[in-house]
Protein chains: 2
Amino acid sequence: MAIEAPKTKRGETSRAVILSAALDLFQERGYEATTMRAIADRAGVSLGSSYHYFPSKEHLVLEFYRHTHELHAAAIAPLLSREKDLATRLRGTVRAVVVTCEPFHAVAGSIFSTVANPSSPLNPFGGAAKPLRDDVVELYGQVVNGSDARIPADIAEMLPLTLWLYQMGILYFWIFDRSPGRLRTLEVIDETTDLIVRLVGLANLPVLRGSRKRVLGLMKSIVEG
Amino acid sequence: MAIEAPKTKRGETSRAVILSAALDLFQERGYEATTMRAIADRAGVSLGSSYHYFPSKEHLVLEFYRHTHELHAAAIAPLLSREKDLATRLRGTVRAVVVTCEPFHAVAGSIFSTVANPSSPLNPFGGAAKPLRDDVVELYGQVVNGSDARIPADIAEMLPLTLWLYQMGILYFWIFDRSPGRLRTLEVIDETTDLIVRLVGLANLPVLRGSRKRVLGLMKSIVEG
DNA sequence: CGGTTAATTTGAACATGTTCAAGTTAGAGC
DNA sequence: GCTCTAACTTGAACATGTTCAAATTAACCG
């Protein structure tokens with residue numbers, strides 16, 4: 001069940017070559033059309049060897065996700081160090097997600113369903129995927145905290161997690177998007193990120209105070225439970 | 001790909017007995033632990049015969065969903081004909097969802113992931129599952145329209161679909177819920193349904209008018225696109 | 001009843017994710 | 001350099017979803 005870490009130079013090489021072959025094939029043929037045998041073949045190792053390093057096909061997807069996350073983080077680094085406006089930071093960040101993932105659009109559907117499975121080790125709400133999720137949430141923490149927006153403390157606390165969830169929603173929309181250049185998704189991102197920033201601003205209104213406390217309290221209790 | 005409808009008395013019987021065996025086994029052992037061979041065995045037919053009536057194992061799940069939907073609709077009928085308060089109607093309806101689904105809690109996880117797969121015929125956002133989805137949305141239409149709440153027309157138009165989506169979120173939460181008697185989910189339902197009704201009421205405030213128009217416009221354009 | 005056709009049924013065959021016991025390799029300790 | 005152990009590698013075997021061509025059944029027509 002646990003991911004085997006190579007203890008040897010040879011092991012490291014094998015693991016790397018298997019992973020690389022898997023990433024290539026996932027992009028070429030999609031997740032389901034890529035067989036474990038094809039991965040082993042292209043990596044030049046035996047079928048059993050693949051399973052020595054990756055307990056299941058799903059675990060290879062987890063690495064795939066980490067890979068795209070790193071691409072994404074690198075892509076938005078300049079924006080985050082230059083820009084101070086929250087709406088712009090958020091829009092740029094989420095746009096970068098779908099741009100980064102674009103090469104994998106065809107694969108994304110089946111991967112998403114694998115990830116959504118609560119009993120999968122990849123499920124982002126628990127288990128093996130926790131470190132990666134924490135990284136992504138932390139990234140949205142930077143988006144929020146590096147901006148010049150003045151955000152109430154109780155909102156600022158929950159916002160990164162909320163944005164991570166929001167990003168998953170966008171990705172799910174994007175998977176279905178058949179518009180040329182995925183323009184539809186980009187439009188939705190522009191509109192929703194702007195709306196989010198607007199609503200965060202409105203949350204200080206006296207009439208909304210009660211509901212805001214309740215929403216945040218509920219979210220907090222869910223996260224902690 | 002299309003679901004084969006039996007053209008014969010014998011065919012109807014076979015289809016029914018296969019489906020019944022599948023529903024039983026899903027409950028007994030869960031979705032993944034139930035093999036097509038086991039279903040065929042219990043139904044007293046051959047493996048190939050099962051595939052004559054259900055193009056895939058997933059299609060059997062679709063029937064499973066229809067089954068629970070009918071249980072649910074029956075369970076809330078008295079409430080809907082008696083009660084006029086929107087919050088009460090909504091709370092009762094969503095509570096009834098998780099109560100109805102409780103016997104299938106162990107199965108729900110893998111089913112959910114199957115359903116979430118965009119390329120699955122079961123995906124509620126398109127294809128084979130559309131009739132069932134329409135039924136559920138229609139049911140939330142009754143919940144809203146049968147209440148004495150005065151709701152602006154633009155909100156009333158999108159509310160049933162939104163509530164259907166909300167129900168899916170609750171079900172996903174419920175899947176993870178390990179609390180005794182699934183009390184945690186019931187608490188969340190009580191809190192969120194109340195919040196929803198509250199926020200619908202607040203949406204008429206002048207300060208929220210702009211955001212409300214934008215949110216509804218966005219939702220509408222997504223649904224139509 | 002005999003024949004013809006469509007529906008139904010069957011089980012073998014296939015593809016693929018996964019397991020595992022046995023074989024091979026490499027490096028540490030002497 | 002030899003030995004021993006842990007790491008690594010292998011390929012056969014297994015389980016299960018799915019396909020398919022052939023066999024069987026039922027029903028309708030004359």
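In what follows, chains carry the letters A, B, and so on, assigned in the order in which the sequence lines appear, proteins first and then strands, with residues in each chain numbered from 1.
Contact check, A:T8 against D:dA7: no side-chain N or O comes under 4.0 Å of OP1 or OP2.
Evaluation of the side-chain contact (heavy atoms from CB on, under 4.5 Å) rule for A:V215 yields A:M219, B:L195 as partners, not counting sequence neighbours. Take B:E191 and apply the side chain to side chain donor-acceptor pair (under 3.5 Å) test, not counting sequence neighbours, and it matches A:R214. A search for side chain to side chain donor-acceptor pair (under 3.5 Å) contacts involving B:T88 returns B:D85, not counting sequence neighbours. A search for side chain to side chain donor-acceptor pair (under 3.5 Å) contacts involving A:S20 returns nothing, not counting sequence neighbours. Evaluation of the side chain to side chain donor-acceptor pair (under 3.5 Å) rule for B:D190 yields B:R95 as partners, not counting sequence neighbours. The salt bridge (charged side-chain N to carboxylate O under 4.0 Å, His left out) search around A:R184 returns A:E187, not counting sequence neighbours.
Picking from C:dT9, D:dT18, C:dG17 the nucleotide with the shortest atom distance to the side chain of A:Y51 gives C:dG17.
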Distances under 3.5 Å only, N/O to N/O: pair up the protein atoms with those of nucleotides 10-13 of chain C.
unit_1, atom_1, unit_2, atom_2, d
C:dT10, OP2, B:S46, N, 2.7
C:dT10, OP2, B:S46, OG, 3.3

I'd like a list of close polar pairs between nucleotides 23-25 of chain C and the protein, N/O only, cut-off under 3.5 Å.
none

Show me the side-chain donor-acceptor pairs of residues 168-175 of chain A shorter than 3.5 Å, one per line, residues at least two apart or across chains.
unit_1, atom_1, unit_2, atom_2, d
A:Y172, OH, B:A116, O, 2.7
A:Y172, OH, B:N123, ND2, 3.1
A:W174, NE1, A:E102, OE1, 3.3

Can you give each donor-acceptor pair under 3.5 Å made by side-chain atoms of residues 36-50 of chain B, sequence neighbours left out, with the distance rounded to 0.1 Å?
unit_1, atom_1, unit_2, atom_2, d
B:R42, NH1, B:E28, OE2, 2.9
B:R42, NH2, B:E28, OE1, 3.3
B:S46, OG, B:S49, N, 3.3

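Pairs passing the salt bridge (charged side-chain N to carboxylate O under 4.0 Å, His left out) check and including a residue from residues 43-52 of chain B, sequence neighbours excluded, do not occur.
Within residues 24-34 of chain B, no residue has any heavy atom closer than 4.0 Å to DNA chain C.
For the pair A:K130 and A:F125, the cation-pi criterion (under 6.0 Å, within 45° of the ring axis) is not fulfilled.
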